[in-house]
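Note that the structure is a prediction, hence the values are computed from the model and not measured. Numbers here are sequence positions counted from 1.
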Amino acid sequence: MRTTHILPTLVGAIAGLAGSARAQFVPGRVYISEPPADLCGSFPGLPNDRIWEIDPQTGQVSLFVELSDELCGYLNGLAFTPDATGLRASNFFTNSILQFDGSANASVALNAADGINEPLGGNNIAYDAASNFYVENAGSTNILRFPADGGPATVFADVFDGVTGAGPIAFAPNGDLYLGNELGQIWRVGPDGSSSLFDSFVGSSGVLALTTDMAGNLFALGTGGVYRYQVGNPDSQQLIAPFMNLSGQTSMTMSPNQDSVYFAAGIHLYEIDAVTGAVSLLATLPVEGPLAGSGIAVYVPEPAGLALILCGILIVRRPRRSGVRPGVSNMPAPECAI
């Protein structure tokens, strides 16, 4: 039975039942940040920071928001809040974390007074499973951890844990945080703060993007292209998608069905099969500047009601030609508890 697009379709229907108009984010949509090419108003007529909204099923691209002059400041990392009501973005020059609602209204969630210091990297912000919020600061060379209860931040990782400045971060399901740095290294930091060098790319100009899937597999953009590591094993490094001569910024996230990686490279959004590495161009942003792709996030709402309605098909995948995906359990979806 073909299961493609079941999850986006059902989630879209549920969003409609909730009675909200366009004040809600659209399930399954991909959001990509584009920093300004003119350093915020230096040249009249050129746009400020923008976030684009993409329907990966049709390739349709629309402008989600363009920042005001007051908020403009080089957007990069994107992440949805755990309650699925807000989209956060790191803002380099203004030392801030912005938050947008579904109608693109912006507010400053965190700023320099909270410890935000030149946050930079291809998805340099993330949430863990307990809803704690993490920011990698290029200015202070550390990763801050903001507790879910809203208390002050603590330093979760620093130069002794592989932080060199700008870089991407991504959480594994077991709570390990992966971080990539400008030396071409990937470090792994455990929930208790213990750290170790996971892998490094010889001759690399840096690890530009990271993402993980629900099974714990890691995907990294390093020298030569996108690599896959199976469930926390550094010896399983496999080049699945060679990319050469990339232009613009880069960032990655998993598709809602977890069977592919959404890869933003400049003005292009690609889909990379998580096993075979087959690459498809999904959309092209209608922009001329090379800085798009600095952050990416996909909207997958997870309210309790949604989990109940989707009971039995919580894990939805496109059918494979044969076999079981390496590192992924084909166990049935969990039972509903009402």
Exam field: side chain R228 to backbone V275, donor-acceptor pair closer than 3.5 Å: no
F92 and Y74 aromatic ring geometry - parallel, tilted or perpendicular at 30°/60° bounds: perpendicular
Check: V287 and E34 side chains under 4.5 Å, non-hydrogen atoms: yes
Any donor-acceptor pair under 3.5 Å from N124 side chain to E136 backbone: yes
Cluster overlap V155 with Y134, hydrophobic side-chain contacts below 4.5 Å: no
I54 side chain reached by L282 side chain, heavy atoms, under 4.5 Å: no
Spacing of L221 atom CG and L208 atom CG [to the nearest 0.5 Å]: 5.0 Å
Donor-acceptor contact below 3.5 Å, side chain T141 vs main chain V159: no
Shortest non-hydrogen contact from S33 toward S294: OG-OG, 2.9 Å
Same cluster (ILVMFWY, side-chain, under 4.5 Å), F201 and L210: yes
Note, S195 side chain near F156 side chain (heavy atom, < 4.5 Å): no
OG1-CD1 distance between T212 and I169, expressed to the nearest 0.5 angstrom: 11.0 Å
Heavy-atom closest contact (I296 atom, A264 atom, distance): CD1-CB, 4.1 Å
Side-chain heavy atoms of L177 within contact of I143, under 4.5 Å: yes
Closest non-hydrogen atom pair between N48 and D69, with its separation: ND2-OD1, 2.8 Å
Qualifying residue, where the test is side-chain hydrogen bond (donor to acceptor under 3.5 Å, both in side chains) with Y229 and the options are D199, N217, D235: D199
Parallel, tilted or perpendicular, as decided by the 30° and 60° cut-offs, for the rings of Y127 and F133: tilted
Stepwise side-chain contact (heavy atoms from CB on, under 4.5 Å) test for N111 and I116: CA-CA 5 Å; N111 58 25; I116 307 302; 5.7 Å; no
Positive for side-chain hydrogen bond (donor to acceptor under 3.5 Å, both in side chains) with N142, one of N137, T154, D161, N117: N137
Pair S255, N257: side-chain N/O donor-acceptor within cut-off below 3.5 Å: no
Rounded distance (nearest 0.5 Å) linking atom CG of L67 with atom CG of D49: 4.5 Å
Donor-acceptor contact below 3.5 Å, side chain N95 vs main chain E118: yes
From CA spacing to verdict: side-chain contact (heavy atoms from CB on, under 4.5 Å), I97, S90: CA-CA 5 Å; I97 302 297; S90 58; 3.8 Å; yes
Single-linkage hydrophobic cluster L183~Y178, side-chain heavy atoms < 4.5 angstrom: no
T81 versus D83, closest heavy-atom pair with distance: OG1-OD1, 2.7 Å
Spatial distance of atom OH (Y270) from atom OG (S280) [nearest 0.5 Å]: 11.0 Å
Flag, side chain of T276 to backbone of D273, donor-acceptor distance under 3.5 Å: no
D158 CG to L144 CG distance, which is reported to the nearest 0.5 Å: 10.5 Å
Cluster check V163, F198: I/L/V/M/F/W/Y, side chain < 4.5 angstrom: no
Atom pair NE2 (H268) and OG1 (T250), whose distance is rounded to the nearest 0.5 Å: 13.5 Å
side-chain contact (heavy atoms from CB on, under 4.5 Å) partner of I51, the single match among L98, L78, L63, I32: L78
Q258 backbone acceptor or donor facing D213 side chain under 3.5 Å: no
Close side-chain approach of M254 to F219, heavy-atom, < 4.5 Å: yes
Contact check, side chains of L71 and V108, non-hydrogen atoms, under 4.5 Å: yes
Chi angles and distances behind the side-chain contact (heavy atoms from CB on, under 4.5 Å) call for I125, R88: CA-CA 8 Å; I125 60 177; R88 287 194 167 185; 4.1 Å; yes
Close side-chain approach of Y31 and V65, heavy atoms under 4.5 Å: no
Proximity of Y299 and F80 rings by center, below 6.0 Å: yes
Smallest separation among heavy atoms of P36 and P47, with atom names: CB-O, 3.7 Å
Contact summary for M252 and N123, nearest pair of heavy atoms: O-ND2, 3.9 Å
In one Ile/Leu/Val/Met/Phe/Trp/Tyr side-chain cluster, 4.5 Å: Y262, W52: yes
Beyond-backbone contact of V261 with T211, side-chain heavy atoms, under 4.5 angstrom: yes
Identified side-chain hydrogen bond (donor to acceptor under 3.5 Å, both in side chains) partner of R29 from the options Q57, E53, Q60: E53
S103 side chain to N105 side chain, donor-acceptor N/O pair below 3.5 angstrom: no
